[in-house]
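Written out below as structure tokens is the structure these notes cover.
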Amino acid sequence: MCAQNNRNKLVCVVGPTAAGKTKLAVDIALAFGGEVVSADSMQIYRGMDIGTAKPSPEEMRGVPHHMIDVADPNEDYSAARFGDEAGTVIDDVLERGKLPVIAGGTGFYIGAVLNPDGFAPRPENDEIRKELQKLADAKGVDAVFEILKREDPESAEKIDKNNLKRVIRAIEIYRTCGMTRAEFLSSRPSEKRRNTIMIGLNVVPRERLYERINLRVDDMMARGLLNEVRALLENGVRENGTAMQAIGYKELVPAIRGETDIGTAVALIKQRSRNYAKRQLTWFKRDAGTVWFEHTGGNDFEKTIEIIKKYIKDKLQEE
RNA sequence: AGGGGUAUAGCUCAGCUGGUAGAGCGGCGGUCUCCAAAACCGCAUGCCGAGGGUUCGAUCCCUUCUGCCCCUG
């Protein structure tokens, strides 16, 4: 069952957290001679293993994994940077005649690799961001939104005034390249989407998925998540950085400080993970090209994997 | 056992002197083109503990019962 990947195709496994993407990706890689490319905004950080459910060497089963442990927790990573770096990795895997298997839960990052031109060029200007942020702190989000209404009224219609991040970004685009956001987006090269076999993996019904999430959080705690967070803090990882926004980490910090008890923190981690899973589902369901496969988290998972492998085999043979 | 308090959405509680109810959290749905495990938006919660009474009308007043909490013994 080792089809040759000579058409620059790649497989992408998406789905909510705890659905089994890691295992599926390795199974696929093993079956078709592939390498896994993680598309996860938190697994990129070194020192964050348990809480991000990073695959262990055993779980990797000899399959090369990329885009894991590529950044320091104090770095500010971004979707654009991921798009560049993962894109390079994918091209490299393809050149070696292997099948890239993208697996991950960060839809935004997946978009950044799959539509490489959609993210570049990308004007940026930290000064503008900081200035606007300062204005927001001093006079509130409305003050910043007023600027957007004046400079790019079209975007102001689309972006909610409370969504400061996006409001700032739109103003940043307008000021750095003299175009409105809409003009800027359409000015870039048309999106050359990579030739991707999109696989959606989900656990059904929803309660089963949530059960799995809850159990996995308990398992993470049992395996020492608390110490992992402690170690990060001791190593001086910034608490307001992107890395420490990860679910499972930000909730445990107050527990370590004794400001809240562990039980409360764990319950919150479970809840936030469930909310996150829902957001992932919402994101991934938008892509009409994704073919979904469901399992109940029981014995049927193996059968589902076989079905998926068969599906991929057919797809790889198509012209 | 006696005295006091309380009973309203899954949870914590609002509801001025009677006109069939709201906030937060959670839940559900959605948005997303360099912070995305982030940020943001929308929707619905309900025999207002049970029975009786007063009233045109009771979540609100009276009464009985039940549950819970506190005090005294």
Side-chain angles (χ1 to χ4, degrees), chain A residues 16-18 38-45 48 51-54 71 73-87 104-126 128-130 132-133 136 141 144-145 155 157-170 172-173 176-177 181-191 193 205-207 210 213 216-217 220 225 238 240-252 264 267-287:
Chain A
T17 186
S38 163
D40 185 299
S41 66
M42 296 299 163
Q43 287 185 1
I44 59 166
Y45 294 114
M48 296 173 62
T52 64
K54 229 175 250 177
N74 269 326
E75 280 180 65
D76 276 323
Y77 209 82
S78 71
R81 194 173 146 191
F82 181 84
D84 289 344
E85 296 177 9
T106 309
F108 196 46
Y109 279 26
I110 289 169
V113 232
L114 261 29
N115 309 318
D117 293 330
F119 269 72
R122 32 173 206 283
E124 68 178 291
N125 188 318
D126 270 341
I128 294 174
R129 287 187 200 180
K130 280 179 190 148
L132 292 170
Q133 181 62 53
V141 288
V144 183
F145 190 67
S155 294
E157 295 277 312
K158 288 183 179 168
I159 303 170
D160 190 275
K161 69 179 175 62
N162 293 320
N163 207 336
L164 190 60
K165 278 185 193 180
R166 304 238 177 95
V167 172
I168 289 179
R169 169 96 262 244
E172 182 188 5
I173 290 173
T176 50
C177 53
R181 202 180 93 104
E183 286 165 353
F184 167 70
L185 292 175
S186 61
S187 74
R188 296 184 301 180
S190 61
E191 293 180 0
R193 202 168 208 275
R206 185 70 61 84
E207 297 84 69
Y210 287 175
I213 289 171
R216 188 158 81 160
V217 172
M220 286 174 178
L225 181 56
R238 285 183 293 121
N240 54 353
T242 307
M244 281 311 249
Q245 286 174 9
I247 296 169
Y249 294 82
K250 61 168 174 278
E251 294 83 2
L252 249 23
T264 307
L268 191 57
I269 292 171
K270 289 176 180 173
Q271 185 201 103
R272 294 249 172 89
S273 299
R274 295 192 298 262
N275 295 161
Y276 175 48
K278 171 60 186 87
R279 268 177 279 135
Q280 289 175 303
L281 244 13
T282 300
W283 182 291
F284 295 127
K285 275 194 285 188
R286 280 202 312 167
D287 178 31

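Only a predicted model underlies this, so the values are computations on that prediction, with no experimental measurement involved. All values below come from the heavy atoms of this structure, side chains included, with hydrogens, waters and symmetry mates left out. Throughout, protein chains are lettered first and strands after them, A, B, ... in sequence-line order, and every chain is numbered starting at 1.
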In whole angstroms, how far is the [atom2] atom of [N] from the [atom1] atom of [X]?
| X | N | atom1 | atom2 | answer |
| --- | --- | --- | --- | --- |
| A:F82 | B:A36 | CZ | C1' | 13 Å |
| A:R169 | B:A38 | CZ | P | 20 Å |
| A:F108 | B:C40 | CZ | C1' | 14 Å |
| A:K270 | B:G26 | NZ | P | 17 Å |
| A:K165 | B:U31 | NZ | P | 18 Å |
| A:Q271 | B:G26 | CD | P | 5 Å |
| A:R272 | B:A36 | CZ | C1' | 15 Å |
| A:E207 | B:G27 | CD | P | 13 Å |

Side-chain N or O of [X] less than 4.0 angstrom from OP1 or OP2 on [N]?
| X | N | value |
| --- | --- | --- |
| A:Y77 | B:C35 | no |
| A:R279 | B:G30 | no |
| A:T282 | B:G30 | yes |
| A:R181 | B:U33 | yes |
| A:Y276 | B:A39 | no |
| A:Q245 | B:A36 | no |

What's [X] touching, base or sugar-phosphate or nothing? Going by heavy atoms closer than 4.0 Å.
| X | result |
| --- | --- |
| A:N275 | sugar-phosphate |
| A:K250 | sugar-phosphate |
| A:Y210 | sugar-phosphate |
| A:T52 | base |
| A:R129 | base |
| A:G248 | nothing |
| A:Y249 | nothing |

Main-chain N/O of A:K250 paired to A:Q245 side chain as donor or acceptor, under 3.5 Å
no

Between A:E172 (side chain only) and A:I128 (backbone N and O only), is there a donor and an acceptor less than 3.5 Å apart?
no

Would you measure the distance from the [atom1] atom in [N] across to the matching atom in [M] and give it in whole Å?
| N | M | atom1 | answer |
| --- | --- | --- | --- |
| B:G10 | B:G53 | C1' | 34 Å |
| B:G42 | B:U54 | P | 47 Å |
| B:C68 | B:G49 | C1' | 11 Å |
| B:G18 | B:G57 | P | 16 Å |
| B:C35 | B:U20 | C1' | 49 Å |
| B:C48 | B:C43 | C1' | 22 Å |
| B:U6 | B:U17 | P | 14 Å |
| B:G73 | B:G51 | P | 38 Å |

Would you please name every residue forming a side chain to side chain contact (heavy atoms under 4.5 Å, CB included) with A:S78, sequence neighbours left out?
A:A80, A:R81

Can you sort out the partners of A:Q271 under side chain to side chain contact (heavy atoms under 4.5 Å, CB included), two or more places apart, ordered by chain and number?
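Result, side chain to side chain contact (heavy atoms under 4.5 Å, CB included) vs A:Q271: A:L268, A:R274, A:N275.
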
Decide side-chain contact (heavy atoms from CB on, under 4.5 Å) for A:I173 and A:L185; before the verdict, give the C-alpha distance in whole Å, the side-chain angles of both, and the deciding distance to 0.1 Å.
CA-CA 10 Å; A:I173 290 173; A:L185 292 175; 5.8 Å; no

Shortest non-hydrogen contact from A:A71 toward A:Y77
CB-CD1, 3.8 Å

5' precedence on RNA chain B between A:N162 and A:Q43 (nearest-nucleotide basis):
A:Q43

5'-most by nearest nucleotide on RNA chain B - A:E251 or A:K278:
A:K278

Under the side-chain hydrogen bond (donor to acceptor under 3.5 Å, both in side chains) rule, collect the residues that match up with A:T282, sequence neighbours excluded.
A:K278

A:S273 and A:R216 side chains, donor-acceptor separation under 3.5 Å
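No, no side-chain donor-acceptor pair sits under 3.5 Å.
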
Sequence neighbours left out, what passes ring-ring contact (aromatic ring centres under 6.0 Å, His included) with A:F82? Give chain and number order.
A:Y109

Only distances under 3.5 Å count here; give the side-chain donor-acceptor pairs of residues 158-166 of chain A to other protein atoms, sequence neighbours excluded, each with its distance to 0.1 Å.
residue: A:D160; atom: OD1; partner: A:N162; partner atom: N; Å: 2.9
residue: A:D160; atom: OD1; partner: A:N162; partner atom: ND2; Å: 3.4

So what is the 5' to 3' dot-bracket string for RNA chain B, if pairs are Watson-Crick or G-U wobble with both distances under 3.5 Å, crossing pairs use [ ] and | means the partner sits on another strand?
(((((((..((((.....[..)))).(((((.......))))).....(((((..]....)))))))))))).

